[in-house]
Each structure stands twice: as C-alpha cells, then as structure tokens.
Amino acid sequence: SAFPESFLWGAASAAYQVEGAHDADGKGPSIWDIFSHQPGTTHEGTNGDIAADHYHRFKEDVALMAEAGLKSYRFSISWPRLLPEGRGEANPAGIQFYSELIDELLKHGIKPMITLYHWDLPQALQDIGGWENRETIEAFEHYARLCYEAFGDRVELWSTFNETLIFIGMGYFTGAHPPGLTDPKRGIQACHHVFIAHAKAVRLFRHYQAQGRVPTSGQIGFVNVMQPHDPITDSPEDVAACKMADDLLTHWLYDPVLKGEYPPHILNMAQLTWGVPEFAPEDEDLLKDNICDFIGVNYYKREWVAANPDTDNTKINTTGQKGSGQAFGFKGLFKFVRNPESTYTDWDWEIYPQGLCIGMMRLKERYGDIPFYITENGLGAKDPITDGEVVDDPRIDYLSGHIAAAEDAIKQGIDVRGYYPWSFIDLLSWLNGYQKQYGFVYVDRENGLARKRKKSFFWYQGVIESNGATR
Ligand SMILES: C[C@@]1(C(=O)O)OC[C@H]2O[C@@H](O)[C@H](O)[C@@H](O)[C@H]2O1
C-alpha cells in the first residue's frame, strides 16, 4: 500500500462523549453538563453524566486499543476536570486521570494525540460570557500552559480546538448547541476570540519547545470540519451560492490558522454588515505569527449547495429517521440540498468516500503542502446485532472506501500522516444520544456498559497489521 511505515493508524474520542464521571473527584461542570440537562436540547434527554464511563474503565479500554493494534489515540481533555472554575486552582485528581491515561497508552506503544478543546467549556467561564469575553482567552492560555506542563514531557501531538464550525456555528448561529444563541454578530466575535486563544496557545507551545519543556519534535495544530461543497447544478446562482458556502464555512475557519488572516473580502463583508470581528491591537500579529504545524481534518460528508433566496432552515436530523431533518441554509446566501442520486446515512449525511481525497486536494491548492492528519472519519449508524454479534458491515464498507481515498491522496502527493476513525468505542453523540453508534467496540448499556468487540474491530486490526489493506 502507499501508506508509509510511520503512518499512524489511530482512533478518536472526546471527553464529554466518552468519560462520564461528570462530577467525580472535583470536576467542575462544563456547558454541556448544564445544556444537556435542559429539557428539549438532546434526543430523548440523553447526556454525558455516565457516557461510556471511560473515566473509570480506561485501563480496560486502552487494553482493547492495544489489542486492535492502534498506533495512536486521539482524545480530548476536559478543561473543567483540570480547572473546575475554568481558571485558578488545578484539580489534582483531574491531572492524575490524564497522566495515568497517557502512561497506559505509552505502556502499550500508543501515541497520544491531545485535543485541548472539544466543546466542553467550563460553565464558570460561560457565566462571564464564554468565548465572547476576552478573559476566556487568557483562561484558555492558562489551561494550555497547565496541560503542557503536566503532559508535555510525554505527548508530542497536540491540537487546540475541534471544529469551530460546529461549536460556534451551532452555539451562536443555529442555537442547537450551548450557549444556544442565534446571533451572527456575537458568533463572529466569539469565533475571533477562539482564533486568538489558539494563536496564544501555539505561541506558548513554541516557547516551551525552545525551553525543552515540550518535545522539540512536537507538533501543534487545529482540527476543522472538512466538508467539500459542490453546486447542485452548474447554474450561475448555484455556483455562486457554493462559493459563498466555501468562503464562510471553509476559508473563514481555515485561513486564520493556516494563512494567519481572514479572507479579506469576507472580512470586509462581515465588518460592513455587523462591525465584527473587532481586533485588539495585538490580534493581527498573533494570527500572522502562529501558523499551525499541521491541520486535522474531520471528514464525514460532502454537501450539495443551491442558491437560497428565501429560507432560513436549520432543523437537523437528530432522530436517525431518514429525511427527518431540513436543509441547512442562510437566507440569501446558500442552502444545502439532497442529491437524489446520492447515498445517505440514517442521519441524512451523504456517503462520499472520494470527498476525503478531493477535500484535501482543494485545501492543498489553497494552503500549500501542509501536513494532514485525518482526525475523524466514521459511520454513525444503528448497528445490527445478529446472534449476539454486532455485525457492522456498513461501517466496514464505509471505512474501507475512505481508507482507499486516503491512499489515493497519498499517491497524489498529499502529506497524510494519520487516520483516526471516529470513534474507538460507542459513545454519546451530542444531540443524537447513544443510538448513533460509531465505535469499533460496542457498549452494552443494558448490561453494565460491558464492552464487546464488533466485527469492524477485527477488520480494523487486520487493516493496521497490513498497513492499509482493507480486504
Ligand atoms: C455530531 C457528531 C456525532 O456525535 O454524531 O458527529 C460525528 C462526530 O463529529 C465530530 O465532528 C465531533 O467532533 C464528534 O464529537 C462527533 O459529533
């Protein structure tokens, strides 16, 4: 296969979705601990109070990762588990948990990849305005410093944020995620503060590298949704709408971390329309001077785009009933539409493996020869159980197609360094509950959260052993 010997075959998770122990051992509440308990926010009121109880079972889970042969494991750190108030005094039990997790991974030769922020902002910081308040930037830098000092001796792969498109887009534009706002002006300013927080964390990482406090071989990056957009017809209106979608949902979120600036014409449009983002004097240089070492791309689907003269609709499918969501759209700008010739999952996400290769090609055209990690890719499905076995053939087919596309990208000269299927183990799907499964390992919620290897677990074990053969 075209995969280099050093290729990192991994798997991914996120703290709020997998750990549980939501208030154990001094952990403070995150905005998701609060939001998910508000009526009507999640499918059937599911939440991460217990999740997969990875906090208590991580040794068993890491043993399963080792059995699968993982080379790397991407996980996120729960900020309020380390800093219950978001800043100030650290919680020793929180530091101890991640330290033991890292040691367990290293014991099995599994390389940790840390995500500092995977949506679970400490509620105490939301109480002072969250990402709208520049104090949260300082709090994030303090949190990053704590993590570099506690784990930087053993961890080489770091990313600051996961999917600004989602936590800002759904937190401030559609309102489906906390803080549940629908205010583009506030969202754009909050997003700006996230980019400044990222830049400060990168700057600190580079200082710590110079001082030998984190590995000089270490890399720090940003994780974004990679969602290729294609016009549903080649009409000028649909083509223009598609370009607008790419500018707002891709370039606006990638340029600041890979070019160190916003796309100029969109920046002008935002500042004329809403007067944001407002820059502090240091901001422009902070972005310019702190470019990522790599980009993490989370690929699930492509979106077909059409002109949208009239509707704002954003009701997403959180039930798993095909077609139960509406298109996502911004009146006057663009909307996503279904292509009758495409194949979709139960949650209405198009299955388009080649989009993984095409998406990276397009990013390489815009940002140059940057290193990529495929930090998420997976099939959310209700897995069939036959004679007591989880026979998740659809997931094997989905991942096989995407691994082939990743190999295609490598053959075309793209610097792809790792592949982290979402998710190692069945875990909470934010708004979709536990019925939307992604894991190689089944969690039997009717039987004390017992772990059970799915068919795809053994298949992926073979892929890793053969460095990429999927048959
Ligand atoms: C919405 C949902 C899900 O749980 O279905 O999509 C799949 C996967 O997407 C990722 O971007 C998120 O980082 C991760 O937390 C998961 O979130």
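Numbers here are sequence positions counted from 1. What you are looking at is a predicted structure, and each value in this text was computed from that prediction instead of being measured. Each ligand, and each atom within it, is numbered from 1 in the order the structure gives.
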| field | Winner among Glu376, Gln227, Gln437, Gln17 once heavy atoms are compared against atom 10 (C) of ligand 1 | value | Glu376
Ligand 1 contacted by [X] (non-hydrogen, < 4.0 Å):
| X | value |
| --- | --- |
| Ile166 | no |
| Tyr300 | yes |
| Trp349 | yes |

| task | Pick out which of Tyr172, Trp119, Phe195, Tyr117 makes a ring-ring contact (aromatic ring centres under 6.0 Å, His included) with Trp131. | result |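 Result: among Tyr172, Trp119, Phe195, Tyr117, Tyr117 is the only option passing the ring-ring contact (aromatic ring centres under 6.0 Å, His included) with Trp131.
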| Sidechain-backbone polar pair: Asn162 side chain, Val223 backbone, donor-acceptor under 3.5 Å |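 Absent.
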Name the closest protein heavy atom to [atom], giving the residue it belongs to and the distance to 0.1 Å.
| atom | result |
| --- | --- |
| atom 3 (C) of ligand 1 | Ser429 OG, 3.1 Å |
| atom 2 (C) of ligand 1 | Trp430 CD1, 4.0 Å |
| atom 11 (O) of ligand 1 | Glu163 OE2, 2.2 Å |

| Under 3.5 Å: N/O of Trp422 near N/O of ligand 1 | no
| query | Mind checking whether Tyr98 and Phe75 have parallel, tilted or perpendicular rings, split at 30° and 60°? | reply | parallel
| Given Gln126, which of Ile34, Ile31, Asn133 fulfils the side-chain contact (heavy atoms from CB on, under 4.5 Å) condition? |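 The side-chain contact (heavy atoms from CB on, under 4.5 Å) with Gln126 is passed solely by Ile31 among Ile34, Ile31, Asn133.
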